[in-house]
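Below: the structure, in structure tokens.
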Amino acid sequence: MEFQAVCPSQTLRLPTNFSGKPKAHFQILLGKISGQSKINHIVKSGQAWTENCSSSSVSTTFKDERDRALENLSNGKSWIHFVGIGGCGLSALAMLAIKQGYEVSGSDVGWSSFMDALKEAGACLHIGHSVTNMQRHCASRLPDAIVVSSAIPQDNVEILYAKSAGVPVYKRDHWLGQLTQRYNLIAVSGKSTTASMLAYVLDAMGDNLTAVVGAHVPQFSGGNIILGDGQNFVLEADEYDACFLGLSPYIAVVTNLDWEHVDIFPNEEAVKATFRKFLNLIRVGGYLILCGDSEGAYSLLTDGKQAIGSDNMSSQLPVPLEKCCDRYNVTTYGTASSNEWHASSIRPNIKGGSDFTLCHWGRSVAEISLQIPGVHNVVNSLAVIATVIALFSNQSQINNTINGLRLHLSNFIGVSRRFQMIGTIFGCHIYDDYAHHPTEVGTVIQAARQRFPTKSLLVVFQPHTYSRLAALKDDFASALRGADQVVVTEVYAAREIDVGNVGGRELAASIIGPPSEYIPSLGDVVEKLTYQICKNPHQDIVVLTLGAGDITTVGQKLLYELGRRL
């Protein structure tokens, strides 16, 4: 493959679709559908809900009826109710529905930051689950459909009421499958930053795509969505509850394979088995874009052989990959030269990010500059590059594409709660990150070290769910050793209850190296850090709050208290 110097181009023209045939545009829920009738309650009580839309207990005829009911939804006239609307995944689907003109309501057990944008956009939101959330005009009007988060139990009062009233109920996996089936779907498995970076770059290069990601992206006008009328759809695909098995991607991007959802998967082998099913859903002629540095991800291709980016590889020469099957193409990326697309000469830059040399099968192609820190973001950008290249059928366009990628990757500023700067006061820099898995914790600590190599690093970690902490406590302890000081809070229970197995106190006691202590209350954490920093306000220190729960409030409160007392 030859890469010649060309003038930068900001316009990207993608193929009409993967089969080369012209394709009509479909809006959300195949929204541009003739006929304006509301859903007739063709689904009888109890039929609309299934625990898994792929369950063999659901007849093909019944699935067809549900799908026809879904297609009859008319934007501007139909009312869709989302149960669990405050979560990152369902809130994005709700926002997309609003943007397409549907009437949207939703409920959740508590308020989340995602609900702020939904309320501003016109959604009718409820705290707590109740039958009255789904009744209007003295119960004479009900939703035309309800969509349910994977985290919501089947005995939820709104689900039971919908079943009794004949309102179709859709789990998120089935909804997503119908939503994306007529697009060129690019499914990015469980990586918000990669999906966001990819969607941002494609949008900036002129592709009129639609995108749904599980995080707020400051450069998206829709917060966590992009709404376009082209054929491409970028989706952050979630393995939680095997939700991504309802999809049919043209391109599947597998960034890693971690045992993260321990409440769903009994072990890592169960995760691998689910991912293998996901790969079998890739459309004929499509692509698998896979991180060759990840041992778990690479094992999907090699039945457990060592990752090509691991330290014990004896050869640095390109290693031919076996295809999972003959139906789709495989491209690997990573930092090791054995990957097809890889990075060399990674070094920090003055923007606080990384510069690196982009290589294709060992040959230098271009110099790439990012303003977001960490080697993990270099790897994320490689996934974006490999995916965008895979979208082209005409090799002659690759030169222009590389130049466009260079420009727009350098302009990407990141995702909210991914090493997000909260503020700086005197010598104290406060950052917040969503990291809630040992791999993520270690990665963001590495990024903080890159950005601030000479400063002391104080990490405040809030474990997320008791089951994850119990299964991965030793891995968390190892990851947190990279800090100079660690504070562990009580566990953010989310959907779980405390069974007394293990908690924040036990994690803090198991951390070897940096001084570590257990402070259960977030309010007490703020008070402790305020007192410590005020004693030496000019000390160079980075405070990094980590976790998927309400730990995100600590940074702002700490900044306020420091400003008030210093």
Side-chain angles (χ1 to χ4, degrees), residues 3 5-10 191-205 217-219 255 291 293 309 333-337 339 341-360 362-389 401-424 427-435 440 442-457 482-483 540-544:
F3 296 92
V6 294
C7 296
S9 171
Q10 299 185 32
K191 195 82 167 182
S192 297
T193 301
T194 308
S196 302
M197 188 186 296
L198 173 61
Y200 168 78
V201 167
L202 284 174
D203 185 58
M205 295 176 79
V217 187
Q219 290 169 296
T255 58
C291 182
D293 290 353
Y333 66 90
T335 57
S337 60
N339 291 292
W341 292 98
H342 58 277
S344 67
S345 304
I346 302 172
R347 64 269 184 199
N349 60 33
I350 60 173
K351 297 180 291 186
S354 301
D355 293 340
F356 67 93
T357 302
L358 173 66
C359 300
H360 184 257
R363 181 176 180 180
S364 297
V365 172
E367 295 299 317
I368 306 294
S369 182
L370 307 175
Q371 58 179 297
I372 48 179
V375 174
H376 67 294
N377 280 317
V378 170
V379 176
N380 288 337
S381 70
L382 291 170
V384 171
I385 291 167
T387 303
V388 173
I389 295 299
T401 306
I402 293 292
N403 281 283
L405 282 164
R406 291 176 58 196
L407 171 64
H408 300 301
L409 284 171
S410 69
N411 291 332
F412 182 66
I413 64 174
V415 179
S416 296
R417 296 220 63 210
R418 303 307 191 274
F419 202 70
Q420 179 181 356
M421 187 180 74
I422 303 301
T424 299
C428 179
H429 305 262
I430 304 172
Y431 282 78
D432 180 50
D433 196 278
Y434 189 72
E440 298 168 347
T443 294
V444 73
I445 288 176
Q446 181 273 330
R449 290 294 191 195
Q450 174 187 324
R451 177 69 68 92
F452 301 105
T454 63
K455 300 184 187 302
S456 176
L457 179 59
D540 280 339
I541 186 171
V542 177
V543 176
L544 181 59

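One-based numbering along the sequence shown.
The closest side-chain heavy-atom distance from Thr194 to Val379 is not below 4.5 Å. Residues Phe356 and Leu382 meet the side-chain proximity criterion, which asks for heavy atoms closer than 4.5 Å. By the 4.5 Å heavy-atom criterion applied to side chains, Leu370 and Phe412 are not counted as neighbours.
Considering all non-hydrogen atoms of both residues, Ser192 and Val415 come closest at O-CG2, 4.3 Å. Contact between Arg451 and Gly352 at its shortest, heavy atoms only, is NE-O, 2.8 Å. Nearest heavy-atom pair, Thr193 versus Arg418, reported as atom, atom and distance to 0.1 Å: OG1-CG, 3.7 Å. When all heavy atoms of Ile402 and Ala366 are compared, the pair lying nearest together is CG2-CB, 3.8 Å.
With rounding to the nearest 0.5 angstrom, the OG atom of Ser410 is 11.0 Å from the CD1 atom of Ile372. To the nearest 0.5 Å, atom OG1 of residue Thr443 and atom CZ of residue Phe419 are 12.5 Å apart. The structure places CG of Leu405 at 4.5 Å from CE of Met205, a figure rounded to the nearest 0.5 Å. Note that OH of Tyr333 and NE2 of His342 are 15.0 Å apart. Values are rounded to the nearest 0.5 Å. The CD1 atom of Ile368 lies 12.0 Å from the OG atom of Ser354; values are rounded to the nearest 0.5 Å. To the nearest 0.5 Å, atoms CZ (Arg449) and CG (Leu544) are separated by 10.5 Å.
Ring planes of Tyr200 and His408: perpendicular class, angle over 60° (limits at 30 and 60°).
Of the possible polar contacts, one joining the Asp293 side chain to the Thr335 backbone as a donor-acceptor pair under 3.5 Å is found. Within the 3.5 Å criterion, the main-chain N or O of Pro348 finds no donor-acceptor partner in the side chain of Gln450. Gln420 contributes a side-chain N or O that, together with a main-chain N or O of Arg417, makes up a donor-acceptor pair within less than 3.5 Å.
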- Message: Go through it in stages, so that I can follow the logic: the residues are Asn403 and Leu407, the test is side chain to side chain contact (heavy atoms under 4.5 Å, CB included), and I'd like the CA-CA distance, side-chain angles, deciding distance and then a yes or no.
- Response: CA-CA 7 Å; Asn403 281 283; Leu407 171 64; over 6 Å; no

- Item | Step-by-step side chain to side chain contact (heavy atoms under 4.5 Å, CB included) determination, Met197 to Val217 | CA-CA 9 Å; Met197 188 186 296; Val217 187; over 6 Å; no

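A search for salt bridge (charged side-chain N to carboxylate O under 4.0 Å, His left out) contacts involving Asp203 returns nothing, not counting sequence neighbours.
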